[in-house]
Amino acid sequence: MTLSSAEPDYLSENWCGLKWSSWVKHKNFRNDSAHLPKFPGLYRVRVIDGDSLVYIGQTGRTVRKRQSELIVYLKDPEKMPFNDPHTAAPNLWAWADAEGFEFESSGAFFEGTKQDREGMEAYLLWQYRLESGNSTQCNFGRFHEDYLKSRNKSSGFRGGKLTGGEKNAAGGPSAPPLRLKADGMPADPDWMNLSWSEPEILNKENLKEIPGEPALYRIMNRKCSDVLYIGQTKNARARLTTHSKYDWEEEVLFSVYLLPGVSDSDSASDPDIGSVLSDFPTNKSVLLYTHQLKELENDLIGAYYGHFRRVPKFQIRK
DNA sequence: CTCAGGCGGTGCGTTGCTTT
DNA sequence: AAAGCAACGCACCGCCTGAG
């Protein structure tokens, strides 16, 4: 520990205007869980005394209870837990198994609807990506590259360590965070420094020219004064076609940002992916990983939330 | 009473099977 | 081959309930 190294904002007890609890070591959960809010809210997980976050989540029950679902990975060091009831549990199990990591959580009360909480979660994830330059390694479907993830209990499929040098693509690098241009508005043609396509009416004719490729997309009202929905897809034409049949309560426009192809299985493929991605999004010559699509979509939703303190009208409804 | 675990539901997107 | 549509998969949540 050096006096000169300032604590990152994302570890502070008032990060992003919330009131964060002290850190509760998972090992001591029985005794110390009372420090976690017994309210709905947000939570963050890190390696004990670590300088980065591994997971950010939200819950509408109590932060305390949600952590109790997370710590099931401690039960059996021989068996990776299932994906339910907490999708990050297999993740923590894998990192503990691979590196011997131990984890702790801190929570914050948050008042608001489910949409508000999820918007705030997206905002925190985006802020973390901006502050640290990386994603939390257990969000967005990311996973340890040497392990396969368990699926839900009902499937009976339990993950574990990969053998024979196989690599899990979900262990690939995170995409560099999208940055807000000063005074940028979500409906702008260059919002978040992306070159969005000219907004067009969302109908079959206009979708004919949209390629079946990975993309981020926005759906906007007719006046382009608001963004109603933000999404990501591996196939822009197909996804937007289904949106074109949805009742938007008015005629709407769409605008896309096309991405390079997505590489799923293995594809340790591109040796240059790290270096080329540093030029992203300008340089589109490289394949994207599935989790990177989700990271970028999250950046957009987080930035929208940061601006309006609500999510787009048709996002996370109900 | 509290709380962990079970269970069904929801939002969001993909896959795969028909029909044109 | 493309379009239309239903089934599926995933990652969560919230409610209920029985055990302590």
Side-chain angles (χ1 to χ4, degrees), chain A residues 26 29-31 33-34 36-43 55-75 81-92 110 112-122 125 136 138-143 148-157 159 170 203-219 228-246 256 259 261-262 264-265 290-298 300-301 311-318:
Chain A
H26 293 178
F29 190 76
R30 279 283 135 73
N31 290 330
S33 67
L36 295 168
K38 219 172 123 182
F39 297 101
L42 294 120
Y43 56 94
Y55 189 79
I56 295 169
Q58 59 84 23
T59 181
R61 298 185 279 190
T62 76
V63 170
R64 205 182 293 177
K65 173 168 170 92
R66 192 64 176 140
Q67 301 317 290
S68 76
E69 294 177 329
L70 178 58
I71 62 169
V72 298
Y73 73 94
L74 291 172
K75 268 190 188 164
F82 290 111
N83 186 50
D84 52 349
H86 202 302
T87 192
N91 233 313
L92 299 190
F110 184 83
T113 63
K114 184 178 180 222
Q115 288 98 317
D116 294 333
R117 273 198 318 276
E118 292 197 16
M120 189 65 188
E121 181 192 18
L125 285 162
T136 49
C138 303
N139 289 94
F140 308 112
R142 301 184 78 203
F143 209 68
L148 204 55
K149 192 177 188 179
S150 297
R151 297 206 267 272
N152 280 7
K153 190 179 294 179
S154 61
S155 76
F157 180 84
N203 62 25
K204 234 172 89 179
E205 310 294 280
N206 290 332
L207 287 173
K208 283 214 164 85
E209 296 123 48
I210 301 300
E213 287 173 18
L216 303 170
Y217 60 89
R218 311 177 287 187
I219 291 175
L228 306 174
Y229 188 89
I230 294 164
Q232 52 88 20
T233 179
K234 292 179 183 175
N235 182 331
R237 197 191 320 119
R239 183 70 185 121
L240 284 164
T241 299
T242 67
H243 277 310
S244 72
K245 287 165 194 148
Y246 181 77
V256 303
L259 291 155
V262 170
D264 259 324
S265 58
T290 303
H291 62 262
Q292 295 176 339
L293 270 173
K294 294 179 183 159
E295 292 169 344
L296 300 174
E297 179 201 30
N298 176 86
L300 299 179
I301 295 172
V311 294
K313 183 178 174 189
F314 287 88
Q315 207 94 35
I316 326 169
R317 290 167 320 125
K318 166 60 182 44

So that I can tick it off, tell me whether A:Glu69 and A:Arg66 are bridged by a salt bridge, with the cut-off set at under 4.0 angstrom between side-chain N and carboxylate O. yes

query: Think A:Tyr217 has a side-chain N or O under 4.0 angstrom from the OP1 or OP2 of B:dC12?
result: no

Picking from C:dG4, B:dG13, B:dT14, the nucleotide nearest the side-chain atoms of A:Glu297 would be B:dG13

Select base, sugar-phosphate, or nothing to describe what A:Gly57 touches, counting heavy atoms under 4.0 Å on all strands. nothing

Take atom CZ in A:Phe29; do more than 12 heavy atoms of anything else shown fall under 6.0 Å from it?
yes

Notebook entry, point to check: Has A:Thr241 got a side-chain N or O lying under 4.0 Å from the OP1 or OP2 atom of C:dG4?
Noted result: no

Inset, instruction - Ignoring hydrogens and angles, state whether a donor on the side chain of A:Tyr73 or A:His26 is under 3.5 Å from an acceptor on the partner side chain. - result: yes

To the nearest angstrom, the CZ-P distance between A:Phe314 and B:dC12 comes to 11 Å

Next item on the list: Would you sort out whether A:Glu118 and A:Gln315 count as a side-chain contact (heavy atoms from CB on, under 4.5 Å), showing the intermediate values?
Entry: CA-CA 10 Å; A:Glu118 292 197 16; A:Gln315 207 94 35; over 6 Å; no

Are the aromatic ring centres of A:His86 and A:Tyr55 under 6.0 angstrom apart?
yes

Using a 4.0 Å heavy-atom cut-off across all strands, classify A:Tyr229 as base, sugar-phosphate, or nothing. sugar-phosphate

When you compare the protein's N or O atoms with those of nucleotides 14-20 of chain C, which come within less than 3.5 Å of each other, and at what distance?
unit_1	atom_1	unit_2	atom_2	d
C:dG14	OP1	A:Arg117	NH2	3.0
C:dG14	OP2	A:Gly60	N	2.9
C:dG14	OP2	A:Arg61	N	3.1
C:dG14	N7	A:Arg61	NH1	3.1
C:dC15	N4	A:Arg61	NH1	3.0

From CZ of A:Arg66 across to P of B:dA4 the rounded distance in Å is 13 Å

Looking only at C:dC13, B:dA4, B:dT14, the nucleotide nearest the A:Ser68 side chain is B:dA4

Just to be sure I understand the rule, does A:Phe29 reach a base, reach only the sugar-phosphate, or reach nothing, if contact means heavy atoms closer than 4.0 Å?
nothing

inquiry  = Can you confirm if the NZ or CZ of A:Arg151 lies within 45° of the ring axis of A:Phe157 and under 6.0 Å from the centre of its six-membered ring?
reply    = yes

In whole angstroms, the gap separating C1' of B:dG13 from NE2 of A:His243 amounts to 8 Å

Subject >> Side-chain N,O (A:Gln58) to OP1/OP2 (C:dC13) below 4.0 Å >> reply: yes

With the side chain defined as heavy atoms from C-beta on, A:Arg30 is closest, among C:dC10, B:dA4, B:dC3, to B:dA4

